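As the structure is a computational prediction, the values presented were derived from the model and not from experiment.
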Amino acid sequence: MRKRMLIMKAVALCLSVMVVVPGCGATKEKAVTVQKEKVEEKQKQTDTIVFTDSCGREVELPAEIERIVPMGPPAQMMLLSLAPEKVVGVTQKLNEKEIKYFGKETADLPEFGSFYGSEDLNKEALLAAQPQVIIDMGEAKNGNKEDLDGLQEQLGIPTIFIESSLQTTGEAFRTLGKILGKTKEAQDLATYCETKLGMIQEGMEKIPEDQKKHYLYAGGEHGLWVVSKDSFHAEVLDMLGDNVAVLAEPTRKGSGDEISGEQLLLWNPELVIFAPNSIYNTVKEDELWSQLEAIQNNKYYQVPSAPYNWMGMPPSINRFLGMQWAANILYPEVFDYDMYEVAKEYYELFYHYQLTEEEFQSIMGNVKK
């Protein structure tokens, strides 16, 4: 009964919009409404369960889910790892690096944009994909509950949020496994994430505070975009040492915050990790950066980035590979392992791809001069 009432309310809302909005707007709303009604009709023909998401929302989901779409890059990355065959649309098209690992079939999926971040969600394209559920994952945001309630009512598609911070990614995979009917695969991914995180945390406890590195993560054309300490995007950075980027009001965006050259010199980190496509290749000749001892002493590295930036951006499963790479760079005496073997295991489990040693060397080729 509750489900029927929600559907009736949603349809009534859409009909009222169609009457009020004239011209092209009415045509567009009519197209959305027609697609919405098709989706709702399919939803009514399936058995359902009640799922409580990370916002505390009780959402009625199909008992058997075969068609899903992500709402945002973190969700896209996790869903393509766990259940790529169920993904019927993407929040952003795959680039050339990603196509190599996920294949042409995934690359050909329709794109519908993002609700958060770029805020370019194409609702018509999303409805045309006829998903049974929309899944958002990542950082809990203010207003999540209201946003998802509104979107769900407007589209008539169950929409859920599953939190997946560094600490909760394992449990997030288990939750996905339950609702998608992939408990074994989800458990494998969850176990990996929790085991590797525990291994890094245990290793860091062996390092005295006065021996932990004072370092900076920098990106952008001039290297002046940083990820602030204590932000969601800095979870790995803060765990591995003293992230010197301390800002009073950091942004929540993955691009970070832009700082001045004066601030960079004041921080004067002993080691620098550069994001992909930054100033890494020319930093030695740069008038500003060349003043830092980290650069003068060749204590700087570039993050590997195939198919994603290993350190995050977006902050998702890629960080579990990046934390192992960064720990090995920062404290090789504690984290002494073969990075090819680490990467090979990760790529097979999360990307379903057999990484060769030649491919690994190519990925790592520009990490350190």
Side-chain angles (χ1 to χ4, degrees), residues 165-169 193-220 223-251 254 256-275 278-280 283-284 286 288-304 309-313 315 318-339 342-343 364 367-369:
S165 66
L166 205 60
Q167 298 288 341
T168 62
T169 297
C193 292
E194 290 169 350
T195 299
K196 300 307 181 184
L197 177 59
M199 181 266 290
I200 296 296
Q201 291 175 328
E202 183 179 340
M204 289 304 300
E205 291 176 357
K206 299 176 183 177
I207 303 171
E209 286 297 322
D210 61 356
Q211 294 181 25
K212 291 182 179 179
K213 296 293 192 297
H214 302 272
Y215 71 105
L216 178 71
Y217 181 94
L224 295 176
W225 286 86
V226 302
V227 176
S228 177
K229 187 173 184 177
D230 296 329
S231 66
F232 181 79
H233 292 272
E235 284 186 304
V236 172
L237 299 173
D238 294 350
M239 180 176 62
L240 293 176
D242 180 17
N243 175 12
V244 300
V246 178
L247 300 174
E249 297 181 3
T251 182
D257 293 272
E258 188 172 16
I259 61 168
S260 66
E262 290 77 11
Q263 180 63 74
L264 175 66
L265 296 177
L266 284 173
W267 283 337
N268 193 27
E270 63 177 300
L271 184 146
V272 180
I273 295 177
F274 286 102
S278 185
I279 197 174
Y280 172 81
V283 72
K284 277 277 192 182
D286 185 82
L288 172 65
W289 279 95
S290 61
Q291 298 180 54
L292 297 184
E293 290 185 10
I295 306 305
Q296 296 169 4
N297 296 332
N298 293 317
K299 296 292 185 180
Y300 64 101
Y301 305 82
Q302 178 168 258
V303 180
N309 177 334
W310 286 12
M311 292 294 285
M313 299 69 182
N318 43 339
R319 298 184 295 176
F320 291 90
L321 177 58
M323 70 172 66
Q324 295 177 77
W325 168 79
N328 177 250
I329 289 291
L330 295 169
Y331 313 102
E333 68 283 358
V334 175
F335 301 100
D336 182 18
Y337 37 69
D338 184 337
M339 271 309 300
V342 170
M364 304 296 287
V367 168
K368 186 76 177 74
K369 284 188 176 295

Task: Asn318: partners by side chain to side chain donor-acceptor pair (under 3.5 Å), with sequence neighbours left out - done: none
Open item on the list: Quick one, Val226 and Gln263 - any side-chain contact, counting heavy atoms below 4.5 Å?
Closed with: no
N/O donor-acceptor pairs under 3.5 Å from side chains in residues 207-217, not counting sequence neighbours:
| residue | atom | partner | partner atom | Å |
| --- | --- | --- | --- | --- |
| Glu209 | OE2 | Lys212 | NZ | 2.9 |
| Lys213 | NZ | Leu330 | O | 3.1 |
| His214 | ND1 | Asp242 | OD2 | 2.6 |
| Tyr215 | OH | Leu237 | O | 2.5 |
| Tyr217 | OH | Asn309 | ND2 | 2.9 |

- [ ] Tell me, please, which residues at least two apart from Ser231 pass side-chain contact (heavy atoms from CB on, under 4.5 Å).
- [x] Val227, His233, Ala234
TODO: Indicate yes or no: at least one non-hydrogen side-chain atom of Tyr301 is less than 4.5 angstrom from one of Leu271.
DONE: yes
TODO: Go through the structure and list residues passing side chain to side chain donor-acceptor pair (under 3.5 Å) with Ser290, not counting sequence neighbours.
DONE: none
Open item on the list: Lys206: which residues meet the side-chain contact (heavy atoms from CB on, under 4.5 Å) condition with it, sequence neighbours left out?
Closed with: none
Task: Check: Val303 and Met313 side chains under 4.5 Å, non-hydrogen atoms - done: no
- [ ] Taking the side chain as every heavy atom from C-beta outward, state whether Tyr300 and Lys284 have any pair of such atoms under 4.5 Å apart.
- [x] yes
- [ ] Could I get the full list of side-chain contact (heavy atoms from CB on, under 4.5 Å) partners for Asp230, not counting sequence neighbours?
- [x] Asp238
Please tabulate, one pair per line, all N/O donor-acceptor pairs under 3.5 Å involving side-chain atoms of residues 195-202, not counting sequence neighbours.
| residue | atom | partner | partner atom | Å |
| --- | --- | --- | --- | --- |
| Thr195 | OG1 | Thr191 | O | 2.7 |

Task: Side chain proximity check, Leu166 to Phe320, heavy atoms < 4.5 angstrom - done: yes
Open item on the list: So Leu288 and Leu265, do their side chains get closer than 4.5 Å, heavy atoms only?
Closed with: yes
Task: With Asp338 via side-chain contact (heavy atoms from CB on, under 4.5 Å) - residues at least two apart - done: Tyr340, Glu341
Open item on the list: Is any side-chain heavy atom of Leu240 closer than 4.5 Å to one of Met204?
Closed with: yes
Open item on the list: Using the ring pair (Phe, Tyr, Trp, His ring centres under 6.0 Å) criterion, which residues pair with Phe232? Sequence neighbours excluded.
Closed with: none
